[in-house]
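Notes follow the structure.
All figures in this text were calculated on a predicted structure; none of them were measured in a lab. We're numbering straight along the sequence, starting at 1.
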Amino acid sequence: QVQLVESGGGLVQAGGSLRLSCAASGRTFSSYAMGWFRQAPGKEREFVAAISWSGSSTTYADSVKGRFTISRDNAKNTVYLQMDSLKLEDTAVYYCVSGSMSPSTRRYDYWGQGTQVTVSS
């Protein structure tokens, strides 16, 4: 059974930083792209970032480009999302995903349970 477990969420002031982690188990981690999505209250789930199986290719939503960095450590079966210069609008539940590299939710077949990120003024 595939499991994705996120950690690192919390409360941070605007302009601050957080690093999310996602530990994967149950499948060959290094064979799949990984990504992050987020969902704010009353809004649809949206793509944040994705990274290829090797880590050589990354892609970001325009709203986070230049502020967030996705990375992975295949030896540790873990993917990270470094979030800097956080804004109020980054407040959301962040989900780790595994599948094929894409901004579409349909290309990911496994999802974590989510971790809350709250940015305060």
Residue pair [X] / [Y]: nearest heavy atoms and the distance that separates them:
X   : Y    : result
T58 : I70  : CG2-CG2, 3.7 Å
R38 : V64  : NH1-CG1, 3.9 Å
L4  : A24  : CD2-CB, 3.5 Å
E6  : G114 : OE1-N, 3.0 Å
F37 : T105 : CE2-CG2, 3.5 Å
A40 : A92  : N-CB, 3.8 Å

Practice task
Please report the C-alpha distance between T78 and D73 in whole Å, then the side-chain angles of each, then the deciding distance to 0.1 Å, and finally whether the side-chain hydrogen bond (donor to acceptor under 3.5 Å, both in side chains) criterion is met.
Solution key: CA-CA 5 Å; T78 301; D73 185 338; over 6 Å; no

Distance (rounded to the nearest 0.5 Å) between [X] [atom1] and [Y] [atom2]:
X   : Y    : atom1 : atom2 : answer
S21 : L81  : OG    : CG    : 9.5 Å
C22 : Q113 : SG    : CD    : 8.5 Å
L86 : S17  : CG    : OG    : 6.0 Å
D90 : T118 : CG    : OG1   : 11.0 Å
F47 : S63  : CZ    : OG    : 9.5 Å

Please examine the side chains of [Y] and [X], heavy atoms only from C-beta on, and report whether any two atoms are closer than 4.5 Å.
X   : Y   : answer
V79 : C96 : yes
Q82 : S71 : no
Y94 : M83 : yes

Practice task
Take atom CD of Q39 as the centre, draw a 6.0 Å sphere, and report whether it contains more than 12 heavy atoms from other residues, nucleotides or ligands.
Solution key: yes

Handout entry: CD/E44: more than 12 non-hydrogen atoms of other groups inside 6.0 Å
Key = no

Practice task
Test S102 against S100 for side-chain hydrogen bond (donor to acceptor under 3.5 Å, both in side chains), laying out the working first.
Solution key: CA-CA 6 Å; S102 170; S100 299; over 6 Å; no

Side-chain heavy atoms under 4.5 angstrom apart, residues restricted to Ile, Leu, Val, Met, Phe, Trp, Tyr: same cluster for [X] and [Y]?
X    : Y    : value
F68  : V12  : yes
Y80  : V48  : no
L18  : V93  : no
I51  : Y108 : no
Y110 : M34  : yes

Problem - Sidechain N-carboxylate O distance under 4.0 Å for D62, K65 - result: yes

Exercise for the section: Indicate yes or no: does R27 engage D109 in a salt bridge with an N to O separation below 4.0 Å. Expected result: yes

Exercise for the section: Walk me through it: do L88 and S121 pass the test side chain to side chain contact (heavy atoms under 4.5 Å, CB included)? Expected result: CA-CA 7 Å; L88 296 179; S121 59; 4.1 Å; yes

Exercise for the section: May I have the step-by-step check of ring pair (Phe, Tyr, Trp, His ring centres under 6.0 Å) for W53 and F29, ending in yes or no? Expected result: CA-CA 8 Å; W53 65 271; F29 178 78; over 10 Å; no

Handout entry: Steps toward side-chain hydrogen bond (donor to acceptor under 3.5 Å, both in side chains) verdict (T91, E89)
Key = CA-CA 5 Å; T91 295; E89 52 263 41; over 6 Å; no

Exercise for the section: Please answer whether the main-chain N or O of R106 pairs with a side-chain N or O of S104 as donor and acceptor at a distance below 3.5 Å. Expected result: yes

Handout entry: Polar side-chain atom of R72 near backbone of G55 as donor-acceptor pair, under 3.5 Å
Key = no

Exercise for the section: Begin from the C-alpha positions of S120 and L11 and carry the test side chain to side chain contact (heavy atoms under 4.5 Å, CB included) through to its verdict. Expected result: CA-CA 7 Å; S120 66; L11 176 65; 4.1 Å; yes

Handout entry: Charged tip of R45 within 45° of Y95 ring normal and under 6.0 Å
Key = yes

